[in-house]
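So the structure is just underneath, and the comments pick up after that.
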Amino acid sequence: MARKTATMEAGTDAPDERVPGLDRLPSGPALFVGRRTELAALRAAAVRPAEGRSPVLVLAGRPGSGRTALAVRFAVTVAGQYPDGVLFARLSAPDGGRVPPARAARRLLEQLGADTADVPLPGAAGDGRDDPACVALRAALAGRRVLLVLDDVRDAGQLWPLLADEPGCLVLATTAGPLTGIEDIDPVILGGLDRTAAAELLGDLVGGTRIGCDPVGAADLAEACGSQPAALRLMAGRLRGKPELAVTEAAKELLRAVAEAGKAESEGVKEPAEPADPPAASGKGKGERGKAPRGAAATGPEPAAAAAPPAEPARDPAAWVRPGPEPAEPVPVPDNDPLVGAFTLAYAGLTAAQARMLRALTLAPAQSADPRTASALVGCPAPEAATTLAALAERELLAEEPPAADGTARYRVPGRLHPRLVRLRERDDRPAEIELARARLLERLVRLTESARSLLDPSDAAGPDPLPGPLRLKSAAHAREWLLGERDPLLGAVADAIGQGDLDGSAGRLVTALLRSLPLTGAAAPADLHQLHELVLTVAERHGRPRRASAALLNLGDLQAAAGRWEQASGHYRAALEHARTADDEALCARALEGAAGCHRALGDAVRAADWYGRALGVRQSMGDQAAEARLLARVAEAHAAQRRFDEAEREYRASVSVLRRIGDERGREAVAAALAELRERASAG
């Protein structure tokens, strides 16, 4: 039966297509019903003034409650009030891991169109409010009216570094809760849909005739689902896939599945469940627990939260939030939750190929895939992968993402299903099969990245073999959009592979391909390059390759030096020197010595700068590198001049001029001669 496609209502719920950034929001379900009370509560909270900072709305609900869909719906309806755009970031990884606020801040800056090349790299301490990226984001938001949608926030410590001193912006955060310590917030807490909305959702998803002919069965099914949107959608997908299944029987199946899961839980077969009551976000910072606004849906009392210490009036940014310790684990879905029973039934109805694909997608970067990557994971042609992905989305087992740059459909494993699928993968797939799938994926990503590079740099004659038609990138513009759109998944894939340590060869090739390709986009963030060089260093040290480790450390030092972080850069150069000596590589030694000398020079330590430049000079002279010798003689002269040792400085300048004349570098000779003339003027005036 064909699915009914909902359209956005006109009026207050109609999106303003002129607002930039709406396409960054998750696609969300095609059908959205109910939640009028919650939407009204969010709208009311959005107009309350916040003193000294951006207002914050918190939308709390357990996995499967539809909190992200509601956040997207609300954002679309109010986007017209924020003409400077809509920004979106997920603050949890699909496996529940915590995304650092600095990483989120960099991505949000890019969405604003800011040049992150000017944003310093994060410090050793640093992922809090003083992180350079977070500081830059707050500065960029000053004077703007921007809506920030932050999905799946784990803790207040992620949120508060992103809060700008700009009352004209609005922050909407979704969470499984609780968020403790944020000032002046009344969270909207999601329970199940009301009875009318649940029946409407089933009717729209399954077909009005089928549901309308069995209103009792529909009511039973909604009750068995706890009126949770995710469980209702999964059961609707099951009914669409089995036209012969009666609605009443589907409700009975679900009750049996939930009972069996609860029995297994009570016998200790699976992990403990979360508390039965829905989580809530803490709102009142002065010891009061957050509560749902009047009329907002809630199915029980919120769990007790630690009272935040008393705060001063929220003028000082440090008083806006007092984040507690990070939660040890994300909020789980308990085994006796209707969502688990609905997933169990939906999974049981899959073909072997569909089930294998769904399990394999937990290996995809960020659990997000298009037919290019999905086909690599399971080893099938891309058109077949596209068909399987669409079938899984039809059964509500995958969430649809905004399409890729070329219109290719994209899908994501919902975070609420990820842990279950990982356990199924570990149970049903042999370790060798999993390793092979990961290896195929890395090799596919390497070929795609190299293909993108060859399109962006046609002068590179050593291009890769062309990919099959369905996988091929079409143009340089397409290649650039693909690289930038897939940057986070690509970085995640290589970091995961190197972290596991069993596919260093493929992972190393992907790092190399990214280091060669990302700069060609013109939007390579220093933080991304820093991460890639750190991964190179990890692999090099793991396999005892001091030359490669030294090169990685030199690149890391160069990035830190470019950011003006001279102490950190000096540490990298010194470590690079040790590895270069182990490898007995004079060129790397000279580079490291010169880099460290430059750091001392920038820090105003002319004595050490002269010493390190002199050591680098000795290495270059032994190598017979006259161009480098001339450059370093001039650097030593500059260091002497900074100490007012003018005679020594003049001697080194004259030696540099002599070398440059000998190798025929007239332009360089003129520059050094000018520096020498300036030195003589200083000496005579001094």
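Values below: all heavy atoms of this structure, side chains included; hydrogens, waters and symmetry mates excluded.
Contact check for Glu396 versus Arg240: side-chain heavy atoms found under the 4.5 Å cut-off. By the 4.5 Å heavy-atom criterion applied to side chains, Glu435 and Arg430 are not counted as neighbours. Contact of the Leu87 side chain with the Leu147 side chain is not registered, since no non-hydrogen atoms from C-beta on lie closer than 4.5 Å. Within the 4.5 Å cutoff, side-chain heavy atoms of Val413 are placed close to those of Leu421. Using a 4.5 Å cut-off on side-chain heavy atoms (C-beta onward), Arg35 and Pro229 make contact. Within the 4.5 Å cutoff, the side chain of Leu163 has heavy atoms near those of the Val171 side chain. Residues Leu59 and Leu70 meet the side-chain proximity criterion, which asks for heavy atoms closer than 4.5 Å. Counting heavy atoms from C-beta on, the side chains of Leu448 and Arg444 come closer than 4.5 Å.
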Apply side-chain contact (heavy atoms from CB on, under 4.5 Å) to the pair Leu392 and Tyr411, showing each step before the final yes or no.
-> CA-CA 9 Å; Leu392 291 170; Tyr411 304 89; over 6 Å; no
Could you check Val72 against Val149 for side-chain contact (heavy atoms from CB on, under 4.5 Å), going step by step and ending with a plain yes or no?
-> CA-CA 8 Å; Val72 170; Val149 181; 5.8 Å; no
Salt bridge (Lys or Arg N to Asp or Glu O under 4.0 Å) between Arg90 and Glu401, worked out = CA-CA 13 Å; Arg90 284 194 180 92; Glu401 294 274 88; 3.6 Å; yes
I would like to know whether Asp151 and Thr68 meet side chain to side chain donor-acceptor pair (under 3.5 Å); could you show each step before the answer?
-> CA-CA 7 Å; Asp151 190 30; Thr68 301; 2.8 Å; yes
Should Arg438 and Asp502 be marked as a salt bridge (Lys or Arg N to Asp or Glu O under 4.0 Å) after you check the CA-CA gap, both sets of side-chain angles, and the distance that decides it?
-> CA-CA 10 Å; Arg438 293 175 52 237; Asp502 55 349; 2.8 Å; yes
Could you walk me through whether Leu205 and Leu232 pass the side-chain contact (heavy atoms from CB on, under 4.5 Å) test, one step at a time?
-> CA-CA 9 Å; Leu205 290 171; Leu232 287 164; 5.8 Å; no
Step-by-step side-chain contact (heavy atoms from CB on, under 4.5 Å) determination, Val58 to Val153 = CA-CA 10 Å; Val58 173; Val153 178; over 6 Å; no
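Atom CG of Leu417 sits about 6.0 Å away from atom CG of Leu339, to the nearest 0.5 Å. Atom CG of Leu514 is separated from atom CG of Leu483 by 7.5 Å, given to the nearest 0.5 angstrom. To the nearest 0.5 Å, the span separating CD on Glu443 from CG on Leu510 amounts to 9.0 Å. Once rounded to the nearest 0.5 Å, the distance linking CG of Leu398 with CZ of Arg410 reads 12.0 Å. In this structure, Ser506 OG and Leu441 CG are separated by 10.0 Å, a value rounded to the nearest 0.5 Å. The line from CD of Glu253 to CG of Leu239 is 8.5 Å long, rounded to the nearest 0.5 Å.
The backbone N or O of Val340 lies less than 3.5 Å from a partner atom in the side chain of Thr344, making a donor-acceptor pair. No donor-acceptor pair closer than 3.5 Å links the side chain of Arg67 to the backbone N or O of Thr174. Side chain of Gln158 to backbone of Arg154: a donor-acceptor contact under 3.5 angstrom is found. With hydrogens and angles ignored, the 3.5 Å screen pairs a side-chain donor or acceptor of Thr388 with a backbone N or O of Glu384. With hydrogens and angles disregarded, a donor-acceptor distance shorter than 3.5 Å links the side chain of Ser92 to the backbone of Asp152. Formation of a donor-acceptor pair under 3.5 Å by the Thr521 side chain with backbone atoms of Ser517 is not found in this model. Between the side chain of His530 and the main chain of Pro526, no donor-acceptor pair closer than 3.5 Å is present. No side-chain donor-acceptor contact under 3.5 Å links Ser451 to the backbone of Arg447. Without hydrogens or angle criteria, Ser368 side chain to Ala364 main chain gives no donor-acceptor distance under 3.5 Å.
Look at Asp429 and Arg423 and you find no salt bridge, because none of the NZ, NE, NH1 or NH2 atoms lies under 4.0 Å from a carboxylate O.
Closest approach of Ala231 and Ala342 over heavy atoms only: O-CB, 3.9 Å. Ile498 approaches Arg542 most closely through the heavy-atom pair O-NH2, 2.7 Å. Between Leu455 and Ala476, the shortest heavy-atom distance links the atoms O-CB, 3.6 Å. The heavy-atom pair separating Val494 from Ala507 by the smallest distance is CG2-O, 3.4 Å. Closest of all the heavy-atom pairs between Ala493 and Leu442 is O-CD2, 4.3 Å. The nearest pair of heavy atoms linking Arg440 to Val378 is NH2-C, 3.5 Å.
Listed by first and then second residue, the ring-ring contact (aromatic ring centres under 6.0 Å, His included) pairs that reach into residues 344-400 are Phe343-Tyr347, sequence neighbours excluded.
The side-chain contact (heavy atoms from CB on, under 4.5 Å) with Val511 is formed by just one residue from the set Val536, Leu490, Val446; it is Val536.
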